[in-house]
Participant: 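Here it is: the structure, laid out below.
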Amino acid sequence: MDIKDIIQEKNIVYKRTDHLTDKALSFCPGCGHGTVHRLLMEVVEEMNIQSKTIGIAPVGCSVLAYEFMNVDMIQAAHGRAPALATGIKRLNPDKYVFTYQGDGDLAAIGTAETIHASNRGEKITIIFINNGIYGMTGGQMAPTTLIGMKASTCPYGRDAERMGNPLKITELVAQLPGTYFVTRQAVHTPNHVRKAKKAIRFAMENQNNGLCFVEIVSNCPSGWKMTPNQSNTWMAENMFPFYPLGDIKVPEKKVV
Amino acid sequence: MAKVKGAIVVNIEKCKGCEVCIPACLQDVIGLTKEVNGKGYHYTFMDKPDACTGCMNCAIVCPDGVITVYRVKE
């Protein structure tokens, strides 16, 4: 069979969702952010809730989400997305509200908002991209930077005595009674992408039962100064032992 | 057994040549071109089109969503 016979409209099995805008993603080549953007919009498309979804993106690499996601978006002050989401969801209880935050935003400047929103059990979904570094501002050390990992503000590697220990905010949030579903996923291989999509879908569907928190361990090729595939391998070898993948808090009824 | 054949089409101008799709392809179909696109990135293409099964692994792992997958059963 000729290739021209295969490439026909009726044979399409996968294409980029229309819920992403036509604009080319501004992320660095190989960055996991793009994959998560697409998964989130695929979930919105599958649930058919485009007109009922409100996204909140605070500061960081995630800030440009409003350019690419074809849903209503609001930009929050640095770290304050859960606070803004609280207000939006309380005023519009029938809407689906999600925040899309990075680790410098959610685990550093926005720790208070994250923990209190989780503790109050706000009915929102938090998507948390953990790449262990401040990507947008030039690769500074973040709270989630691993011990010994190099960043521009710790060029000899993070030292626990001087700079403290990495923060497992997802485990912290899972202890709080307000959270309904807490999970940690990755998007560097096809299998992980499929699992991450299921987790995001579950988190969006069940946000009215309590706060759903999805952490995505991602790479940052530019910040880590590696090629995308090297950074994915490095992430699998170094990040996953400290940030193990899997569901951390599952509701009793959930059938996996 | 019905044979499944696939093909991919890459949105050349949006591809950033990150190569994440290359190890994701179990059939080693995908390669990187020597030419560059408008932004100066080498982009991916079907190096061995006969081997493609249309499994979608490349497309779902692509950070920029530039790959469209086609599949037919022969």
Side-chain angles (χ1 to χ4, degrees), chain A residues 1-42 68 186-197 218-222 226-233 235-236, chain B residues 2-32 36-74:
Chain A
M1 185 177 274
D2 195 53
I3 197 135
K4 277 180 192 156
D5 300 327
I6 304 174
I7 300 175
Q8 279 178 5
E9 188 79 27
K10 63 177 194 264
N11 296 329
I12 289 183
V13 282
Y14 188 92
K15 67 170 186 170
R16 181 185 155 112
T17 167
D18 301 335
H19 287 47
L20 284 171
T21 57
D22 286 335
K23 219 170 165 139
L25 295 168
S26 62
F27 302 114
C28 307
C31 176
H33 266 295
T35 318
V36 182
H37 272 49
R38 183 164 46 80
L39 291 184
L40 198 51
M41 287 303 105
E42 281 174 7
F68 311 123
V187 290
H188 66 302
T189 65
N191 287 353
H192 287 100
V193 173
R194 290 190 174 98
K195 282 185 193 162
K197 187 174 171 184
S218 176
N219 57 347
C220 181
S222 300
M226 298 177 193
T227 67
N229 281 330
Q230 276 173 349
S231 69
N232 281 338
T233 315
M235 175 173 72
Chain B
K3 206 177 168 203
V4 179
K5 287 207 75 174
I8 60 167
V9 173
V10 177
N11 186 337
I12 291 170
E13 285 307 313
K14 282 188 182 163
C15 179
K16 294 174 184 163
C18 67
E19 304 181 35
V20 172
C21 52
I22 294 176
C25 180
L26 301 174
Q27 318 293 336
D28 290 329
V29 171
I30 303 174
L32 214 59
V36 292
N37 63 13
K39 285 182 183 161
Y41 293 119
H42 297 277
Y43 50 91
T44 51
F45 75 117
M46 277 215 292
D47 200 7
K48 297 174 198 157
D50 295 338
C52 183
T53 58
C55 67
M56 314 194 300
N57 274 359
C58 53
I60 66 167
V61 88
C62 175
D64 294 278
V66 299
I67 302 176
T68 308
V69 185
Y70 299 82
R71 189 199 293 150
V72 281
K73 271 185 192 167
E74 269 183 353

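In what follows, every heavy atom counts, from backbone to side chain, and hydrogens, waters and symmetry copies are set aside. Every chain is numbered from 1 and lettered A, B, ... according to where its sequence line falls, protein lines coming before strand lines.
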Participant: Is it true that a side-chain atom of B:K14 and a backbone atom of A:L25 form a donor plus acceptor pair closer than 3.5 Å?
Facilitator: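 The answer is no, because no donor-acceptor pair under 3.5 Å joins these two groups.
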Participant: What part of B:C55 lies closer than 4.5 angstrom to a heavy atom of chain A: side chain, backbone, both or neither?
Facilitator: backbone
Participant: Could you look at A:V187 and say if it's the side chain, the backbone, both or neither that has a heavy atom under 4.5 Å from chain B?
Facilitator: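 For A:V187, the contact with chain B is made by the backbone alone.
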Participant: Where on A:H33 is there a heavy atom nearer than 4.5 Å to chain B: the side chain, the backbone, both, or neither?
Facilitator: neither
Participant: For the residue pair A:I12 and B:Y70, what are the closest heavy atoms and their distance?
Facilitator: CG1-CE2, 3.3 Å
Participant: Under 4.5 Å heavy-atom distance to chain B, tell me which part of A:S26 shows up: side chain, backbone, both or neither.
Facilitator: backbone
Participant: Please rank B:V72, B:I60, B:V20, B:V9 by heavy-atom pairs under 4.5 Å with chain A and give me the top one.
Facilitator: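 The answer is B:I60.
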Participant: Give me the atom names and distance for the closest heavy-atom approach of A:R38 to B:C62.
Facilitator: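 Answer, listing the atom of A:R38 first, then B:C62: NH2-O, 2.8 Å.
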Participant: Within the distance-only criterion (no hydrogens, no angle test), does the side chain of B:R71 pair as donor or acceptor with the backbone N or O of A:Y14 below 3.5 angstrom?
Facilitator: no
Participant: Search all heavy atoms of B:K39 against all heavy atoms of A:A24 and return the closest pair with its distance.
Facilitator: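 Heavy atoms only, the tightest pair is NZ-CB, 3.7 Å.
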Participant: Out of A:N11, A:I3, A:T227, A:T35, which one racks up the most heavy-atom pairs below 4.5 Å with chain B?
Facilitator: A:N11
Participant: Please report the closest heavy-atom contact between A:C31 and B:P63, naming both atoms and the distance.
Facilitator: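 Reported closest heavy-atom pair: O-CB, 3.3 Å.
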Participant: Could you tell me the separation between the NZ atom of B:K5 and the CG atom of A:D5, rounded to the nearest 0.5 Å?
Facilitator: 10.0 Å
Participant: Measure B:I22 against the heavy atoms of chain A and call it side chain, backbone, both or neither at under 4.5 Å.
Facilitator: neither
Participant: Which atom pair, heavy atoms only, marks the closest approach of A:P190 to B:N57?
Facilitator: CB-OD1, 3.5 Å
Participant: Heavy-atom distances under 4.5 Å only: say whether A:E42 touches chain B with side chain, backbone, both or neither.
Facilitator: neither
Participant: Do you know which of A:E9, A:R194, A:K197 has the most heavy-atom pairs under 4.5 Å to chain B?
Facilitator: A:R194
